[in-house]
Structures are given as C-alpha cells and as structure tokens.
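Encoded as structure tokens, the structure appears first; notes follow it.
FYI, the numbering just counts along the sequence from 1. Remember, predicted model here, so these are calculated numbers, not experimental data.
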Amino acid sequence: IMFISLICASFYAYGQKPPTYGKASAGIDIGKLIRHRTIDIEVGYAFSRHWSMAGSSSFLLHIKTRQKSEEEIMHESLLEEVKEPESSPSQGRHMACICYWTDEAFKKGFISIGYRYEEHERPECVIGFGYIMHIWKGLAMSLSIEGRGNMDIGLKYIF
C-alpha cells in the first residue's frame, strides 16, 4: 500500500508547475545604451516565490566620433551661441538590490530596494518599482523607475 501511495504521489508531483524560485535572469538596459552610450549588464536570481536579488554594472562605450576640421570649428563658433561644456557621463555604475514580486518572481510588477555606487559620486540607497512583460519563451522586456526618476528599459532572458 505504501509503494502504491508513493507512485501516486510521484505522478501527482510530476503534474505540478515547477517552483518559480531557482530561476535566473540576465539582460541589458537598452535606454542607457541609447541615451548615455553605456552598456548596463544585469543578472538576477529568484531565491523564493516572491523574492529575488539582482546586481548590475555599467560600462562606458568608447565610440570615436569624426573630428571637426578647423573651418567647421570656426563657423560653429561664429554662428552659434557659446555653450557650457556638457558634463561627461559617469564612467561606471554598480548596483545590488533585492526585489519583491507581486505575482511571482520575474512575472509582472515588482518593488526593489538596493545600493548603488557611481564613480565620482557618493554611494546611495535606491528604491524603485517596475514591470516585466514576457515577449516570447524566455525573452522579456522590463520597464523600471528608480531613485531620482531614472527610467530603465531592459531586455532580459529568463532561464
């Protein structure tokens, strides 16, 4: 009777949905790539049904632009107003956070709290919220707002 009970229990367990914890994700931030020419790589791991942790790092792309000729520089200085030099984007950003998912890990909405360090700035605590939408199989798109209104648009693969 015990053997038959174990077989029945194993068939029942086989039909259950797999647990959501143990999933992992990896992705890039498309918004920062376009706006600031930085590659923001993020990895995450779900350690329970509603909780996950994530870490990300940004790296500045060194894209060479065409140098202006002396004649172009002279014409621009005569025709345009004098502009203040723009501040260069941060050389690197590192972040670690813990996320609470309202539905289950890596599905729908989330709230995060974490720690961010940017070069030439003080480390800070960051609170954010966002939403992830599954596109196809393991591919997903995320939209999140954190800190001082920084909006991230990410492309992730969940495995």
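The neighbour count for Met74 CE, taken as heavy atoms of other residues, nucleotides or ligands under 6.0 Å away, is above 12.
Taking Asp40 as the reference, Lys32, Arg93 meet the salt bridge (Lys or Arg N to Asp or Glu O under 4.0 Å) condition, with sequence neighbours excluded.
Among pairs with a residue in residues 124-156, none fulfils ring pair (Phe, Tyr, Trp, His ring centres under 6.0 Å), at least two apart in sequence or across chains.
Considering every non-hydrogen atom in both Ser52 and Phe47, the closest pair reads C-CE2, 3.7 Å. In terms of heavy atoms, Cys97 sits closest to Ser112 at SG-CB, 4.3 Å. For the pair His50 and Thr102, the tightest heavy-atom approach, listed with the atom from each and the gap, is CE1-O, 3.6 Å.
Met141 and Leu143 fall within a single hydrophobic cluster, where Ile, Leu, Val, Met, Phe, Trp and Tyr are joined by side-chain heavy atoms under 4.5 Å apart, directly or via other members. With hydrophobic clusters built from ILVMFWY side chains whose heavy atoms lie under 4.5 angstrom apart, Met53 does not share a cluster with Tyr115. Note on Val126 and Ile113: separate hydrophobic clusters, where clusters join Ile, Leu, Val, Met, Phe, Trp and Tyr whose side-chain heavy atoms are under 4.5 Å apart, directly or indirectly. Ile153 and Ile41 are not part of a single hydrophobic cluster, where members link through side-chain heavy atoms under 4.5 Å apart. Linking ILVMFWY residues whenever their side-chain heavy atoms come closer than 4.5 Å, directly or via other members, leaves Met95 and Phe110 in distinct clusters.
Atoms CG and OG, from Leu33 and Ser58 in turn, are 10.5 Å apart once rounded to the nearest 0.5 Å. Atom CZ of residue Arg116 and atom CD of residue Glu124 lie 4.5 Å apart, to the nearest 0.5 angstrom. Between the CH2 atom of Trp101 and the CZ atom of Arg49 there is a distance of 14.0 Å, given to the nearest 0.5 Å. Atom OG of residue Ser142 and atom CG of residue Asp29 lie 7.5 Å apart, to the nearest 0.5 angstrom. Atom NZ of Lys108 and atom CD1 of Ile132 lie 13.0 Å apart (nearest 0.5 Å). To the nearest 0.5 Å, atom SG of residue Cys99 and atom CZ of residue Phe106 are 8.0 Å apart.
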